[in-house]
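Structure, as structure tokens:
These numbers were taken from a predicted model, which means no experiment stands behind them.
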Amino acid sequence: MGMPADERLGLDIKRAEQALMAAKSAALKDLHLTVAQYAALFGLADNPGISGAALARACLVTPQAMAAVLKNLEERGLVERSAHPWHQKMLETRLTETGLETVRLADEQAVRIEQRLADALTAQERDTLRALLARCVTAVRNDVRNDVRNG
């Protein structure tokens with residue numbers, strides 16, 4: 001093997017992500033929401049009328065995955081979709097009153113988890129972590145770009 005397992009940062013990053021997603025999944029269970037559904041509702045709360053494609057980009061999922069999430073949320077009466085006044089092929093998506101209340105309750109649970117995460121670090125450590133993670137993203141993206149150019 002080219003690199004020992006204990007030197008591979010990808011495993012640590014993935015482990016942290018999985019722990020965060022598992023905690024959020026458990027916290028949202030009583031509201032019958034997945035993390036993806038919560039993310040969509042949260043995104044819609046800040047961007048009423050956003051298109052499904054734009055919401056997918058904001059939530060870091062594919063448009064196809066977001067379409068499935070929005071279909072489920074619409075069936076549950078949490079969102080409503082209507083044709084854009086100028087672009088008839090584009091659907092605007094908005095939270096319903098029930099959706100607004102659901103995202104408020106879900107966000108209370110998510111904030112509790114995010115606060116525990118923040119409390120485990122000092123303000124300086126949080127800033128350092130964000131900077132280090134941004135550098136990781138840049139390094140991985142640069143590697144992908146180099147592979148595309150050289151491949």
Response to the item:
dist Thr98:OG1 -> Glu101:CD (nearest 0.5 Å) comes out at 8.5 Å
Worksheet item: Are the side chain of Arg76 and the backbone N or O of His32 linked by a donor-acceptor pair below 3.5 Å?
Response: yes
Fill in: Non-hydrogen side-chain atoms of Glu92 and Ser51 separated by less than 4.5 Å
no
Worksheet item: Do Val69 and Leu91 belong to the same hydrophobic cluster, where Ile, Leu, Val, Met, Phe, Trp and Tyr are linked whenever their side-chain heavy atoms lie under 4.5 Å apart, directly or via other members?
Response: no
Practice prompt. Quick one: pull up CG in Leu11 and CD in Gln18 and give me the separation to the nearest 0.5 Å.
Written response: 10.0 Å
Worksheet item: Does the pair Arg116/Asp119 count as a salt bridge with the N-to-O cut at 4.0 Å?
Response: no
Practice prompt. State, with a plain yes or no, whether a side-chain heavy atom of Tyr38 is found less than 4.5 Å away from one of Asp107.
Written response: yes
Worksheet item: Got a donor-acceptor contact below 3.5 angstrom from the Arg126 side chain to the Leu121 backbone?
Response: yes
Fill in: Qualifying residues under side chain to side chain contact (heavy atoms under 4.5 Å, CB included), relative to Ile13, sequence neighbours excluded
Cys136
Discussion item. Tell me whether Glu125 contacts the main-chain N or O of Thr122 through its side chain, where contact means a donor paired with an acceptor under 3.5 Å.
Written reply: yes
Fill in: Polar contact flag, side-chain donor to acceptor under 3.5 angstrom, Arg112-Gln109
yes
Discussion item. Can a donor-acceptor pair be found, under 3.5 Å and without considering hydrogens, that links the side chain of Thr96 to the backbone of Leu78?
Written reply: yes
Worksheet item: Just how far is it from atom CG of Leu105 to atom CG of Leu31, taken to the nearest 0.5 Å?
Response: 6.0 Å
Worksheet, complete the sentence: Smallest heavy-atom separation, Ala39 atom then Cys59 atom, equals O-SG, 3.6 Å
Worksheet item: Looking at side-chain heavy atoms only, is the closest gap between Lys24 and Glu114 below 4.5 Å?
Response: yes
Worksheet item: Is it true that atom CD of Glu7 has more than 12 heavy atoms of other residues, nucleotides or ligands lying nearer than 6.0 Å?
Response: yes
Discussion item. Same cluster or not: Phe42 versus Val111, using hydrophobic residues (I, L, V, M, F, W, Y) connected whenever any side-chain heavy atoms lie under 4.5 Å apart?
Written reply: no
Worksheet item: Taking side chain as C-beta onward, heavy atoms only, is Leu73 less than 4.5 Å from Gln37?
Response: yes
Worksheet item: Would you find a donor on one side and an acceptor on the other, under 3.5 Å apart, between the side chain of Arg81 and the backbone of Glu74?
Response: no
Item to complete: Flag yes if Val103 and Met21 sit in one hydrophobic cluster, no otherwise; membership is Ile, Leu, Val, Met, Phe, Trp, Tyr, and two members link when side-chain heavy atoms are under 4.5 Å apart.
Response: yes
Worksheet item: Is Val35 reachable from Leu41 through a run of hydrophobic residues whose side-chain heavy atoms are each under 4.5 Å from the next?
Response: yes
Worksheet item: Mind checking whether Leu20 and Leu28 sit in one hydrophobic cluster, side chains of I, L, V, M, F, W, Y counted as touching below 4.5 Å?
Response: yes
Discussion item. Measuring from atom CD of Glu80 to atom CZ of Arg94, what distance do you get when rounded to the nearest 0.5 angstrom?
Written reply: 8.0 Å
Discussion item. As an exercise, state the distance from CD1 of Ile50 to CG of Leu55, rounded to the nearest 0.5 Å.
Written reply: 5.0 Å
Worksheet, complete the sentence: Tightest non-hydrogen contact, residues Ala27 and Ile113, listed as CB-CD1, 3.6 Å
Item to complete: Find out whether Thr102 and Leu33 are in side-chain contact, i.e. whether some heavy atom of one side chain is under 4.5 Å from a heavy atom of the other.
Response: yes
Practice prompt. Look up atom CE in Met66 and atom CG in Leu60, then write down how far apart they are to the nearest 0.5 Å.
Written response: 9.5 Å
Worksheet item: Just wondering, are more than 12 heavy atoms of other shown residues or ligands nearer than 6.0 Å to CD in Gln124?
Response: no
